[in-house]
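This report concerns only the one structure given below.
In listed order, ligands and their atoms are each counted from 1.
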Amino acid sequence: MGILLILLLVVVVLLLLLLLASVGQLTPDFYASTCPQLASIVAEQVYQAAQADPRMPASLVRLHFHDCFVNGCDGSVLLSGYEQLAGPNLNSIRGLNVIADIKAAVEQACPATVSCADILAIAARDSVVLASKPLCNPGWTVLLGRRDSLTASEEAANVGIPGPFLNVEQLNANFANVGLSPQDVVVLSGAHTFGKVHCSFFSDRLYNFNNTFRPDPTMDPAQVTLLRSVCPRIFPGLGGTVSLDQGTRFIFDNSFYQELQQNRGILQMDQELSRDPTTAVLVSQLAAPDSNFTTIFGQAMVKLGNVGVLTGARGEIRKICSQIN
Ligand code: HEM
Ligand SMILES: *[C@@H]1O[C@H](CO)[C@@H](O)[C@H](O)[C@H]1NC(C)=O
């Protein structure tokens with residue numbers, strides 16, 4: 001009887017282990033013994049990149065987001081061609097060279113060990129910490145163990161990555177496709193607290209809102225005037241870029257939500273977040289001077305980083321992020 005019970009227990013434990021392995025959970029210490037220098041190598045490289053280009057932290061965070069929304073966080077956006085040619089990415093994603101440089105440094109220290117998808121996830125976290133006011137954002141614990149995809153898809157990128165003219169309901173549906181919640185929509189959009197946007201994504205709001213040949217009446221008129229000085233009326237594609245958060249341009253903080261409350265949001269989808277009754281309350285909480293935005297943002301980034309990951313024996317560890325082995 002005793003032996004049978006022990007046997008049963010052993011079987012149950014084995015089954016549980018098998019289940020865990022197949023679910024493929026990410027862990028914070030995945031490379032603790034195989035690449036102990038990983039965190040410091042990535043942090044140093046992101047720091048150097050940010051010194052050279054203060055916009056780069058924002059670009060790296062967006063790159064991670066665009067990776068995760070297309071077949072999961074699997075480094076697919078890094079493969080040359082494919083997703084990089086999709087509408088939301090073409091002439092718009094940045095930081096591919098930075099990731100390539102980080103990967104080269106990591107390969108030198110720990111060859112054929114760390115995935116490009118994991119490097120991107122760590123770089124995104126380091127970017128947020130670096131762009132925050134000194135010592136005011138500890139960031140979050142990045143879970144690791146992702147593997148790199150063998151494929152990428154331009155079509156999946158066009159379908160999966162949300163566009164700037166969606167309303168809250170449509171954004172919620174888009175995020176639900178990858179298992180993210182309506183709260184995640186509001187909190188992760190807070191990444192628009194830094195970085196830049198091309199005029200073509202919002203110039204209708206300056207000149208011809210809903211084909212009225214007038215600016216969006218809900219945008220602060222001073223903001224309209226300011227943005228018009230950068231974005232030409234015709235051929236908006238020729239215009240430059242403006243900061244998504246005109247309050248504190250390169251700083252990662254909650255000023256983006258405060259701008260929304262003053263009707264100074266740039267993208268239509270951002271401004272909708274403070275207008276839609278289902279999201280307005282959360283926006284005003286996040287805009288408060290003592291809000292816990294950075295904490296909640298970190299939690300949402302962990303969720304984002306878990307989307308559709310390849311673990312175990314699936315995928316591969318790329319040698320070069322821009323091509324499969
Ligand atoms: C909710 C739906 C979202 C839409 C419709 C959207 C749309 C956009 C657009 C149109 C741009 C400007 C791109 C350009 O002009 O080149 C942009 C920039 C950016 N987005 Fe989003 N975004 C969304 C969510 C997110 C999320 C979830 C994150 C990250 C967690 C994010 C991070 C960024 C950052 C940091 C930039 C600036 C990038 C740079 O300066 O290089 N966005 N986004
Ligand atoms: C953040 O603040 C809101 C209220 O402003 C609260 O409901 C929520 O529990 C807080 N979250 C965390 C993780 O502290």
Side-chain angles (χ1 to χ4, degrees), residues 49-50 53-69 73 86-96 98 120-121 123-125 127-128 131 140 160-178 180-205 230-231 236-237 239-245 249-252 254 256-257 265-273 279 281-305 307:
D53 174 3
R55 183 181 167 191
M56 191 48 68
S59 303
L60 292 173
V61 169
R62 182 167 185 245
L63 199 54
H64 179 48
F65 159 53
H66 282 202
D67 183 23
C68 295
F69 262 55
C73 315
N89 290 332
L90 190 68
N91 299 324
S92 165
I93 48 166
R94 304 172 77 247
L96 295 169
V98 172
L120 185 50
R125 190 269 318 269
S127 292
V128 166
W140 58 94
I161 300 170
F165 303 104
L166 301 185
N167 63 30
V168 172
E169 201 184 329
Q170 293 164 326
L171 290 174
N172 289 345
N174 173 274
F175 272 53
N177 284 337
V178 294
L180 295 176
S181 70
Q183 171 170 323
D184 295 325
V185 171
V186 178
V187 173
L188 288 173
S189 296
H192 291 168
T193 178
F194 62 173
K196 294 186 161 194
V197 51
H198 289 88
C199 294
S200 50
F201 287 115
F202 62 90
S203 61
D204 63 314
R205 300 188 68 207
V230 182
C231 301
T241 53
V242 306
S243 291
L244 279 160
D245 172 11
R249 291 159 197 272
F250 293 109
I251 299 178
F252 191 95
N254 69 340
F256 163 75
Y257 296 105
I266 311 279
L267 291 175
Q268 195 178 328
M269 56 121 326
D270 286 335
Q271 193 60 70
E272 298 258 343
L273 297 177
T279 46
V281 176
L282 183 52
V283 167
S284 67
Q285 276 172 14
L286 293 168
D290 58 346
S291 95
N292 52 17
F293 165 59
T294 51
T295 308
I296 305 202
F297 183 80
Q299 292 167 354
M301 285 299 281
V302 172
K303 273 180 83 178
L304 174 66
V307 170

Show your reasoning for whether ring-ring contact (aromatic ring centres under 6.0 Å, His included) applies to Phe69 and Phe175. CA-CA 8 Å; Phe69 262 55; Phe175 272 53; 4.9 Å; yes
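Note that CG of Leu63 is 8.0 Å distant from CG of Asn89, once rounded to the nearest 0.5 Å. The structure places OG1 of Thr193 at 11.5 Å from CG of Leu286, a figure rounded to the nearest 0.5 Å. For the atom pair CZ (Arg62) and CZ (Arg94), the distance works out to 10.5 Å, reported to the nearest 0.5 Å. From Leu304, atom CG reaches atom CD of Gln299 across 14.0 Å, with rounding to the nearest 0.5 Å.
Of the heavy atoms in Leu171, only side-chain atoms (C-beta onward) come closer than 4.0 Å to ligand 1. By the criterion of a heavy-atom distance under 4.0 Å, the side chain of Leu244, and not its backbone, is placed next to ligand 1. Of all the heavy atoms of Met269, the ones lying under 4.0 Å from any atom of ligand 1 belong exclusively to the side chain. Residue contacts with ligand 1, taken as heavy atom pairs separated by less than 4.0 Å, do not involve His64 at all. The part of Leu267 lying near ligand 1 is the side chain, judged by heavy-atom distances below 4.0 Å.
Across Gly95, Gly163, Ser189, heavy-atom proximity to atom 1 (C) of ligand 1 is greatest for Ser189. Among Arg94, Lys196, Gln268, His192, the residue whose heavy atom sits closest to atom 33 (C) of ligand 1 is His192.
Within 6.0 Å of CD on Gln170 lie more than 12 heavy atoms contributed by other residues, nucleotides or ligands.
Every atom of ligand 2 with a heavy atom of Ile296 under 4.0 Å away is listed here by number and element: 1 (C), 11 (N). For ligand 1 and Phe175, the ligand atoms under 4.0 Å from any heavy atom of the residue are 1 (C).
Taking atom 13 (C) of ligand 2 as the reference point, the nearest protein heavy-atom neighbour is Gln299 NE2, 3.6 Å. Looking only at protein heavy atoms, the nearest one to atom 41 (O) of ligand 1 is Ser59 OG, 2.6 Å. Nearest non-hydrogen protein atom to atom 2 (C) of ligand 1 is Pro162 CG, 3.5 Å. In terms of protein heavy atoms, atom 38 (C) of ligand 1 is closest to Arg62 CD, 3.7 Å. In terms of protein heavy-atom proximity, atom 12 (C) of ligand 1 is closest to Val197 CG2, 3.6 Å. In this structure, atom 1 (C) of ligand 2 lies nearest to the protein heavy atom Asn292 ND2, 1.6 Å. With respect to atom 32 (C) of ligand 1, the closest heavy atom belonging to the protein is Ala191 CB, 3.6 Å. Looking from atom 4 (C) of ligand 2 to the surrounding protein, the closest heavy atom is Gln285 OE1, 4.1 Å. Looking at atom 14 (C) of ligand 1, its nearest protein heavy atom turns out to be His198 ND1, 3.2 Å. Atom 25 (C) of ligand 1 has as its closest protein heavy atom Phe65 CE2, 3.2 Å. The shortest contact between atom 35 (C) of ligand 1 and any protein heavy atom is with Ala58 O, 3.1 Å.
The shortest distance between side-chain heavy atoms of Phe252 and Ser127 does not fall below 4.5 Å. The side-chain heavy atoms of Leu171 and Glu272, taken from C-beta on, include no pair separated by under 4.5 Å. Put simply, the side chain of Arg55 reaches to within 4.5 Å of the side chain of Phe250, judged on heavy atoms. With a 4.5 Å cut-off on side-chain heavy atoms, Ser181 and Asp184 count as touching. Side-chain atoms of Leu188 and Phe297, non-hydrogen and from C-beta on, do get closer than 4.5 Å to each other. Using a 4.5 Å cut-off on side-chain heavy atoms (C-beta onward), Val128 and Met301 make no contact.
Contact annotation: Phe165 has no heavy atom less than 4.0 Å from any atom of ligand 1.
For atom 9 (O) of ligand 2, no protein heavy-atom neighbour is present inside the 4.0 Å cut-off.
Closest of all the heavy-atom pairs between Ile161 and Asn174 is C-ND2, 4.3 Å.
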